[in-house]
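One structure, pasted below without further comment.
Order of appearance sets the numbers: ligands from 1, and atoms from 1 within every ligand.
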Amino acid sequence: MSIINKNPMSFLTYDDSRMLVSAKDRKSVQRRLIAAHKRLELLRTTDEQGFFELPFDVESLRAVEKLARNVQAKFEHMIVVGIGGSDLGARTIWHALGEKKMSLAFVSNPDPETLYHVLATTDWTRTAINVISKSGTTLETMAIFMTLREALIKAVGVAAHREHIVATTDPSDLSTLYQIAMEEGYAILPHPLNVGGRFSVLSVVGLFPAAASGVNVRKLLAGAATVEAERRANMTESVPARFAANQFLSMEKGRDIHVLMPYADLLHEFGLWYRQLWAESLGKVRDGESIGPTPIAAYGAIDQHSQIQLYNEGPDNKTVTFVEVESFRRNLRVPKVWGNKQGIGYVGGLSFADILHAERGGTEHALASHGRPSGTITIPKITEESLGALFMMFETATAYMGELLQVNAFDQPGVEAGKKEARRILSKG
Ligand code: PA5
């Protein structure tokens with residue numbers, strides 16, 4: 001079994017022994033992987049891509065912690081407004097770890113029914129708003145922010161409303177949100193220019209809402225730092241490099257659908273975060289040809305009763321990556337009843353953690369017996385450190401994958417095109 005990165009200091013291991021990638025396959029991609037590593041190191045050391053350095057950015061960390069303390073002292077609740085990369089990372093942290101020093105709500109979709117509910121139920125005297133938009137012009141975010149801000153002003157007055165708002169945006173006049181925040185006197189957290197939205201979870205974008213809710217963001221960064229240090233030290237055998245190589249080689253064999261399947265409710269949003277990262281970074285036009293893997297966010301054991309039939313017996317065009325949580329923060333046992341009942345006699349007395357582990361193991365085994373590849377990322381527990389490690393692992397794996405596929409993982413012309421078109425349609429009326 002090829003479990004790599006079994007380092008006692010690490011918060012994540014990767015078992016790819018069932019990925020159906022041979023030593024010969026691996027050798028065939030070695031040179032490209034070395035070139036990918038060198039190019040990523042160039043992007044890092046020239047500061048062209050800033051996300052590699054985020055785990056070590058002490059200055060932003062301090063700014064985040066200070067502002068979080070201020071906001072916690074004044075308010076009990078915070079509404080986070082943003083979309084895509086300006087939403088999914090913070091949302092993932094909140095769902096996995098939210099400590100509830102402040103409660104958070106995420107409003108992302110311009111759905112009038114959701115907004116109606118938010119407006120009807122918010123006590124503005126106790127509520128802050130963190131509006132997040134790198135560009136400062138995103139339709140959904142700005143429409144929602146304008147609406148919430150107006151309700152806030154009605155409730156607390158123009159002068160007082162300023163205290164309630166934190167704007168996270170590109171600190172330049174290119175961002176309309178920045179201009180507004182400067183005019184109004186809102187607190188501003190600068191979105192790093194060299195970090196794209198979907199790579200921004202470990203920047204002020206994800207860290208501020210996390211810190212406000214009481215998450216220990218230092219530990220989150222410490223976990224991410226272990227993965228990044230390991231990546232820098234190992235040209236082709238770090239977890240992210242190896243993961244990308246496996247997915248790339250699988251794509252060459254026609255397996256271009258990539259399923260991420262955590263076995264934990266608290267990591268469900270992590271799958272949605274990964275889905276955006278993988279899709280927006282890797283679905284691109286290369287030399288006139290449209291290419292890219294399709295990510296699927298599944299989760300166990302729920303999707304064993306929804307998706308696994310397809311993964312086992314449907315087209316052989318997928319890889320599955322499980323995320324296994326070794327030990328749960330809380331566990332309990334099924335009561336020992338109905339021991340003599342047909343079909344369920346064995347259930348009484350089982351621990352729920354053991355049920356989930358067995359189900360994941362069973363699914364892995366079933367996939368293997370159908371000749372379908374899978375890999376498993378294991379974290380010891382859902383903690384700040386392991387979540388930070390997971391974020392960093394998938395961000396850097398995406399960067400390797402972009403290099404292997406020879407696409408720019410850091411732009412999103414397809415998203416920009418959609419934004420432009422919506423603007424054109426709505427500006428007409
Ligand atoms: O990853 C990306 O770049 C996008 O998903 C953006 O995060 C998303 O479109 C929101 O953009 P902005 O932060 O400019 O409002």
Side-chain angles (χ1 to χ4, degrees), residues 43 48-52 54 60 79-93 106-111 129-149 165-181 186 188-209 269-284 292-295 297 391-392 394-399 401-402 407-424 426:
L43 293 179
E48 200 175 319
Q49 288 303 325
F51 75 95
F52 297 106
L54 291 175
S60 300
I79 302 178
V80 183
V81 183
I83 197 162
S86 291
D87 166 59
L88 293 164
R91 193 188 276 267
T92 298
I93 303 173
F106 290 81
V107 187
S108 189
N109 212 18
D111 179 326
I129 299 175
N130 179 204
V131 52
I132 310 174
S133 175
K134 182 176 184 181
S135 64
T137 51
T138 299
L139 165 64
E140 297 87 340
T141 304
M142 294 313 287
I144 294 167
F145 176 54
M146 288 177 203
T147 308
L148 298 186
R149 175 184 170 272
I165 295 175
V166 175
T168 305
T169 190
D170 167 6
S172 84
D173 281 342
L174 289 176
S175 159
T176 308
L177 177 59
Y178 178 71
Q179 293 168 21
I180 293 167
Y186 300 150
I188 297 172
L189 282 170
H191 191 308
L193 276 178
N194 59 356
V195 176
R198 58 191 172 275
F199 291 87
S200 69
V201 57
L202 298 172
S203 76
V204 293
V205 171
L207 296 187
F208 174 65
E269 273 72 16
F270 184 81
L272 303 179
W273 171 85
Y274 148 81
R275 188 177 67 157
Q276 184 217 2
L277 178 70
W278 205 246
E280 262 186 26
S281 303
L282 303 172
K284 297 282 157 71
T294 300
F391 281 134
M392 203 65 200
F394 277 95
E395 287 179 359
T396 46
T398 304
M401 190 68 174
V407 298
N408 180 355
F410 306 108
D411 66 359
Q412 55 283 326
V415 181
E416 309 303 343
K419 285 186 179 180
K420 216 165 131 190
E421 188 55 15
R423 219 171 11 242
R424 190 189 63 76
L426 290 168

Going by the salt bridge (Lys or Arg N to Asp or Glu O under 4.0 Å) test, which pairs reach into residues 134-145, not counting sequence neighbours? none
Identify the heavy atoms of I93 and G206 that sit nearest to each other, and give their distance. CD1-O, 3.9 Å
Set of side chain to side chain contact (heavy atoms under 4.5 Å, CB included) partners for I165, sequence neighbours left out: I129, V131, F145, R149, L152, H161, Y186
With rounding to the nearest 0.5 Å, note down the distance linking CE in M401 to CZ in F394. 12.0 Å
Using the ring pair (Phe, Tyr, Trp, His ring centres under 6.0 Å) criterion, which residues pair with F208? Sequence neighbours excluded. none
Hey, which residues fall under 4.0 Å of ligand 1 on heavy atoms? I83, G84, G85, S86, S133, K134, S135, T138, G197, R198, Q276, E280, Q412, K419
Can you name the one residue among T398, L277, T294 that meets side chain to side chain contact (heavy atoms under 4.5 Å, CB included) with L282? T398
